[in-house]
Amino acid sequence: MNPDAVPTPSDFIRDIVAADAQAGKYSQIVTRFPPEPNGYLHIGHAKSICLNFGIAREFGGVCNLRMDDTNPTKEEVEYVESILEDVKWLIAGWADDRIGLKRKGQTPDRVVRDGHPDFHLGAVPRNLLSATEVEPFYASDYFAQLYEYALELIRRGRAYVCDLSPGDTDAYRGAPDRAGQDSPFRNRTVAENLDLFQRMKAGEFPDGTRTLRARIDMASPNVWMRDPVLYRIRHAEHHHTGDAWCIYPMYDFAHCLSDYIEGITHSICTLEFEVHRPLYDWILEALDLPRPLPHQFEFARLNLSYTVMSKRKLLQLVSEGRVKGWDDPRMPTISGLRRRGVTATALRRFAYNIGVTKYNGVTDVAVLEHAIREELNREAERRLGVLRPLKVVLTNYPEGKVETVDAVNNPENPSAGRRPVPFGRELYIEREDFMEAPPPKFFRLRPGGEVRLKYAYIVRCDEAVKDASGNIVELRCTADLESKSGGAHADRKVKGTIHWVSAAEAVEAEVRLYDRLFTVAQPDSGGEGVDFKTFLNPRSLETVRARVEPSLAEADMGGRYQFERLGYFCLDPDSRRGQLVFNRIIPLKDSWAKEARK
RNA sequence: UGCCGAGUGGUGUAACGGUAGCACAGCAGACUCUGGAUCUGUUUGUCAUGGUUCGAAUCCAUGCUCGGCAGCCA
């Protein structure tokens, strides 16, 4: 089954888009995904990507990828590149024909309507240009146009240059339940504002000495309407525009106008921007723009149990070395999940399953895990691998004899075929599949007990050999030579079946076993002054030397395998020729673990 | 204590005045050469109180609870 063959999603935002499309409000639906390149994308962004690109594909529209890069001091090209890669990976084969990009280096076209400036820059039609000729949109590509819009706002008496210091600006703003006070610079003349703003741009003033502010209402119950800052002075190098500018627009000013310039119809963001919506609309309306205005809609961001989602916290984990990098397989980043082996289709299915609402809840990470297993169970070929090897000698099996057993590649998909696996006198089995004094309902090997070796023989354990300190180092067993799988007398039933590898033929591999990064469901709700890192799981990564069946020596990067009875695994990029490194994507559900806890 | 928003089983989400459903999780069982998968059954819910209505999760009122907002961050 195609994992994307799910019913068309429905939610309150799609309802709005559908109604707008129905009413013929727009010639085309245009959404946008606007990350700030100040960190790596995480699974919360994946939710947003699935929403925005999903709407684009369902309504025959486009979703522009835009870098929201208006703050030079926090943004870097490394982040731009990772964002591009992550988005492309996540939408590949699904909505990659809907991504809105622009010609490299292109900036908005200038149109003058009724003497007022207007700018437009739409996405380049697909297949018109090759991948090397296009790039994402950048808010910073609109700095010149935004500057013109700012001048227009000043001319209309809707913006002014304010000389208040940052501290005074705060003080004048008042509090949520206390009106603010007008800035003493609020009533400067248009000419003076124009002059000052141009000089701000020219670099005449140091950082923090002046701002451009919207002239709205210092007594507004919505603090974002209390003459919000539109431009600040920052003599800083910008990753995309270099040193061309020393004034930079604020989010609220840049975002709505970027949306407008690109012809966005539905600007979908998260709940915390709800209080900014009046400002979003105010700016666009104050400019009296000639084309249809974009509208902002808000949905609840994703919160996942047992992890953290804020870029600030993820950055902290990276910079403090708590994880190996942004793409550490334990990270909820898209690159981390990708390296871990999680597929894009699983992420999309997850996004579909959780839905879109305005309720700010916490999604159980089990929902994600289920989406991952569901696909992998269907798709992944099975292999035999032993994570913690315990040697087994079949005392009645001829020395030096090697036979091959016939193993099923994927019981969920017969067309995946079968493969030969070597079998011999000396084997490794999983240490935890043997217990000297097992509890009830332990269906694996025990002294005197029998177990089926998957695809091979039923064996009985005769003796557990121990070293001087009492550790079990080897099991001596006898095989029922009549019981070989597929053989004439194979139908004898035993309660347990375990996996194994042939000692002589198995290859060694490093296997990285990942567990949740945090020990508590909500690490960032620890209460006052409790650092989320307190709850870091010290055992989130365990590395073992495993033995895996020889066919895995040819495992390919990007391949995903189920090691039978254990979980799903994929090759890590750290692998070298002859040095396999596997990541455990996710373990199989383990109902024995549950039983054992009782 | 100003403004904005949200409350449906353990979690997430449907039902748009007409049988409260789905998914995940849980539990019980069947089946199984993966204690996987699959199948069957099943526990648990409309924040509260009033009102409108033949009928309310849905409409109205009041209250309660939770989240967001006072960056020259986004």
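Each chain gets a letter, A, B and so on, in the order its sequence line appears, and its residues count up from 1. As the structure is a prediction and not an experimental result, all values here were calculated from the model.
- For L376(A) and U34(B), the CG to C1' distance is 15 Å, given to the nearest whole Å.
- Between R234(A) and C73(B) there is a side-chain polar atom (N or O) within less than 4.0 angstrom of OP1 or OP2.
- Spacing between atom CD of E274(A) and atom P of G68(B) amounts to 13 Å, rounded to whole angstrom units.
- Nucleic acid contact class of D15(A) (heavy atoms, under 4.0 Å, all strands): base.
- Nucleotide A61(B) has U49(B) as its partner under the Watson-Crick or G-U criteria, with both atom distances under 3.5 Å.
- Residue S165(A) is in base contact, counting any heavy-atom pair closer than 4.0 Å across all strands shown.
- Between G496(A) and A366(A), the residue anchored nearer the 5' end of RNA chain B, judged by the nucleotide with its closest heavy atom, is A366(A).
- Contact annotation for F273(A): base contact, defined as any heavy-atom pair under 4.0 Å involving a base atom.
- Side-chain contact of N410(A) with E412(A): a donor-acceptor pair under 3.5 Å is absent, judged by distance alone.
- Contacts of K594(A) with the nucleic acid, taken as non-hydrogen atoms under 4.0 Å apart, involve only primed sugar atoms and P, OP1 or OP2.
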Y149(A) vs F253(A), test: ring-ring contact (aromatic ring centres under 6.0 Å, His included). Steps then yes/no. CA-CA 10 Å; Y149(A) 280 131; F253(A) 187 68; 7.6 Å; no
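- Taking a pair to require two hydrogen-bonding distances under 3.5 Å in either a Watson-Crick or a G-U wobble arrangement, G5(B) pairs with C66(B).
- Counting any heavy atom pair closer than 4.0 Å across all strands shown, E564(A) reaches a base atom.
- Counting non-hydrogen atoms under 4.0 angstrom, Y455(A) reaches a base of the nucleic acid.
- Within a 6.0 Å sphere centred on CZ of R301(A), heavy atoms belonging to other residues, nucleotides or ligands number 12 at most.
- Residue-level contact check: L164(A) touches the bases, meaning some heavy atom is under 4.0 Å from a base atom.
- Comparing the C1' positions of G41(B) and C31(B) gives a spacing of 15 Å, expressed to the nearest Å.
- Considering only side-chain N and O atoms, R232(A) lies under 4.0 angstrom from the phosphate OP1 or OP2 of C73(B).
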Worked check of ring-ring contact (aromatic ring centres under 6.0 Å, His included) between F143(A) and H238(A): CA-CA 12 Å; F143(A) 283 169; H238(A) 186 282; 5.6 Å; yes
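- The separation of G71(B) from C16(B), taken at their P atoms, amounts to 43 Å, rounded to a whole angstrom.
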Candidate pair Y231(A) and F197(A), rule ring-ring contact (aromatic ring centres under 6.0 Å, His included), full reasoning: CA-CA 9 Å; Y231(A) 268 90; F197(A) 188 50; 5.2 Å; yes
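- The nearest whole Å value for the distance from the CG atom in N413(A) to the C1' atom in U38(B) is 16 Å.
- Taking side-chain N and O atoms only, H499(A) has no distance below 4.0 Å to OP1 or OP2 of U34(B).
- At a threshold of 4.0 angstrom between heavy atoms, the contacts of G208(A) include nucleobase atoms, whether or not backbone atoms are also involved.
- Using a 4.0 Å heavy-atom criterion, one finds that E412(A) contacts the bases of the nucleic acid, with or without backbone contacts as well.
- Aromatic ring centroids of Y251(A) and F273(A) lie under 6.0 Å apart.
- For the pair R301(A) CZ and A74(B) C1', the computed distance is 10 Å after rounding to whole Å.
- In this model, a donor atom of one side chain and an acceptor atom of the other lie less than 3.5 Å apart for T343(A) and E375(A).
- Within 4.0 Å (heavy atoms only), T357(A) reaches sugar-phosphate atoms of the nucleic acid but no base atom.
- Between the side chains of Y172(A) and Q181(A), no donor N or O sits under 3.5 Å from an acceptor N or O.
- Residue contacts shown for P35(A) are absent, as no nucleic acid heavy atom lies under 4.0 Å away.
- Nucleic acid contact class of V223(A) (heavy atoms, under 4.0 Å, all strands): sugar-phosphate only.
- V408(A) comes within 4.0 angstrom of no nucleic acid atom, judged by non-hydrogen atoms across all strands.
- When each of L588(A) and P221(A) is assigned the nucleotide of RNA chain B bearing its nearest heavy atom, the one mapping closer to the 5' terminus is P221(A).
- Counting only heavy atoms from C-beta on, M250(A) has its side chain closest to C73(B) among C69(B), A14(B), C73(B).
- In the set C69(B), G36(B), G35(B), the nucleotide with an atom closest to the side chain of P411(A) is G36(B).
- Here R378(A) does not reach the OP1 or OP2 of A37(B): none of its side-chain N or O atoms lies under 4.0 Å away.
- The distance from atom CZ of R173(A) to atom P of C3(B) is 19 Å, rounded to the nearest whole Å.
- The side chain of A175(A) lies closest to A70(B) when the candidates are G7(B), G35(B), A70(B).
- Across all strands shown, C31(B) forms no Watson-Crick or G-U wobble pair with both distances under 3.5 Å.
- With a cut-off of 3.5 Å on both pairing distances, the Watson-Crick or G-U wobble partner of C22(B) is G12(B).
- Between the CG atom of L279(A) and the P atom of C69(B) there is a distance of 16 Å, given to the nearest Å.
- Comparing U43(B) with C22(B), their P atoms sit 12 Å apart, to the nearest whole Å.
- Between S591(A) and the phosphate of G36(B), there is a side-chain N or O to OP1/OP2 separation shorter than 4.0 Å.
- Here C24(B) presents its P atom at 19 Å from OH of Y306(A), a figure rounded to the nearest Å.
- Contact annotation for F442(A): base contact, defined as any heavy-atom pair under 4.0 Å involving a base atom.
- Rounding to whole angstrom units, CE of residue M200(A) and C1' of C72(B) are separated by 9 Å.
- Checking G35(B), A23(B), A6(B) against the side-chain heavy atoms of H370(A) singles out A23(B) as nearest.
- Nucleotides C72(B) and U13(B) have their C1' atoms positioned 41 Å apart, rounded to a whole Å.
- For G36(B), its base never sits under 3.5 Å from the side chain of R373(A) at any donor and acceptor pair.
- The phosphate of C24(B) (OP1 or OP2) has no side-chain N or O of T363(A) nearer than 4.0 angstrom.
- Side chains of N360(A) and N303(A): a donor on one and an acceptor on the other come within 3.5 Å.
- Separating the C1' atom of G63(B) from that of G26(B) is a span of 35 Å, rounded to the nearest Å.
- A14(B) and U19(B) are spaced 15 Å apart, taking the C1' atom of each and rounding to whole Å.
- Straight-line distance between the P atoms of A56(B) and G17(B): roughly 14 Å, to the nearest whole Å.
- At a cut-off of 3.5 Å, with distance as the only test, a side-chain donor of D259(A) or Y280(A) sits close to an acceptor on the other residue.
- Only the C1' atoms considered, G5(B) is 26 Å distant from A23(B), to the nearest whole Å.
- Of the candidates U1(B), A74(B), U13(B), the closest approach to any side-chain atom of Y359(A) belongs to U13(B).
- Applying the 4.0 Å criterion to OP1 and OP2 of G35(B), one finds that K589(A) has every side-chain N and O outside that range.
- Per the stacking criterion (ring centres < 5.5 Å, plane angle < 30°), F443(A) stacks onto the base of G35(B).
- G71(B) takes the syn form, because its glycosidic angle lies no more than 90° either side of 0.
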